[in-house]
Amino acid sequence: MSHHNLLINGKFVPAVSGAEKELRNPANGNVLTSVASGGEHDVRLAAESAATAFTGDWAKVNSRQRGKFLFKLSQLIRDNQDELARLESQNVGKPIREANEEVELAADCFEFYAGTVNKFGGQTIPVAASGVNITMREPIGVCGLILPWNFPIAITSWK
């Protein structure tokens with residue numbers, strides 16, 4: 001049986017507690033794999049790592065290059081669609097057709113944002129005083145997300 005660790009700071013690491021969990025195919029109960037079961041300490045390490053990345057090298061990447069990264073990700077998803085759909089079907093017990101549609105939605109999402117990442121700008125807002133107010137859309141930082149079990153690939157890409 002395979003085992004998968006947590007991805008923190010660009011490295012696969014076991015949970016701080018050493019806890020693991022088996023993932024089972026809900027359609028037949030067969031064990032698919034085991035995974036490191038992260039806890040509070042693991043979340044803290046991941047958030048700290050993400051915050052460092054957010055203000056480090058990633059902050060220096062221009063929007064055009066970020067768009068290229070997102071487009072490359074959409075292509076990798078498409079290139080591996082059959083395998084991703086098979087794994088998703090087994091993981092959540094959905095029909096392979098629906099899993100394929102979900103993977104396609106994820107690829108579409110990254111492709112869409114790849115095309116829009118350098119098209120967001122500020123907004124000029126009329127004000128009573130002389131001058132101009134401008135609002136800019138900027139990333140706010142690290143966010144924690146909770147995902148449902150039944151549509152994880154697509155919803156992860158949306159977030």
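In what follows, every heavy atom counts, from backbone to side chain, and hydrogens, waters and symmetry copies are set aside.
N5 and V13 make their closest contact through CB-O, 3.0 Å (heavy atoms, listed as atom of the first residue, atom of the second, distance). Of all the heavy atoms in R66 and W58, the pair that sits closest is NH2-O, 2.6 Å. Between P26 and G93, the closest heavy-atom pair is CG-N, 3.5 Å. The two residues Q65 and N62 make their nearest non-hydrogen contact at N-OD1, 2.8 Å. Between T33 and V35 the shortest heavy-atom distance is CG2-CG1, 4.2 Å. The two residues A114 and G67 come nearest to each other via the heavy atoms CB-O, 3.3 Å.
Annotation: H3, atom NE2; neighbour count of heavy atoms from other residues, nucleotides and ligands within 6.0 Å is above 12. With a 6.0 Å radius and a threshold of 12 heavy atoms from other residues, nucleotides or ligands, L145 has its CG atom above the threshold.
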For this session: Could you walk me through whether I77 and Q81 pass side-chain contact (heavy atoms from CB on, under 4.5 Å), step by step?
Result: CA-CA 6 Å; I77 291 169; Q81 181 166 350; 5.7 Å; no
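In this structure the side chain of L23 never reaches within 4.5 angstrom of the side chain of S34, judged on heavy atoms. With a 4.5 Å cut-off on side-chain heavy atoms, L105 and F151 count as touching. Counting only heavy atoms from C-beta outward, the side chains of E88 and P152 approach each other to under 4.5 Å. Annotation: side chain of D57 is not in contact with side chain of V61 (no heavy-atom distance under 4.5 Å).
Hydrophobic clustering of Ile, Leu, Val, Met, Phe, Trp and Tyr side chains at less than 4.5 Å, counting indirect connections, keeps L73 apart from L87. Cluster annotation: V103 and F112 are assigned to the same hydrophobic cluster (Ile/Leu/Val/Met/Phe/Trp/Tyr, side-chain heavy-atom contacts under 4.5 Å, transitive). Under the 4.5 Å side-chain contact rule for hydrophobic residues, I8 and V142 do not share a cluster. The cluster map of Ile, Leu, Val, Met, Phe, Trp and Tyr, joined by side-chain heavy atoms under 4.5 Å apart, puts F12 and V43 in different clusters. Note on F69: it does not cluster hydrophobically with F110, by side-chain heavy-atom contacts below 4.5 Å among ILVMFWY residues.
No donor-acceptor pair under 3.5 Å is formed between the side chain of R24 and the backbone N or O of N30. A distance-only check finds a donor-acceptor pair linking the side chain of K119 to the backbone of G115 [under 3.5 Å]. Side-chain atoms of S89 come within 3.5 Å of backbone atoms of K94 as a donor-acceptor pair (strictly under, hydrogens ignored). Checking side-chain atoms of D42 against main-chain N and O of V16 turns up a donor-acceptor pair under 3.5 Å.
The CD atom of E40 sits 11.0 Å away from atom CG of L45, with the distance rounded to the nearest 0.5 Å. Atom OG of S37 is separated from atom CD of E20 by 9.0 Å, given to the nearest 0.5 angstrom. Going from atom CD of Q75 over to atom CD of E111 covers 6.5 Å, rounded to the nearest 0.5 Å. The distance from the CZ atom of R64 to the NZ atom of K68 is 7.0 Å, given to the nearest 0.5 Å. Note: L84 CG to N91 CG = 11.5 Å, rounded to the nearest 0.5 Å. From N150, atom CG reaches atom CD of E98 across 10.0 Å, with rounding to the nearest 0.5 Å.
Look at R78 and D108 and you find a salt bridge, because one of the NZ, NE, NH1 or NH2 atoms lies within 4.0 Å of a carboxylate O, short of that distance.
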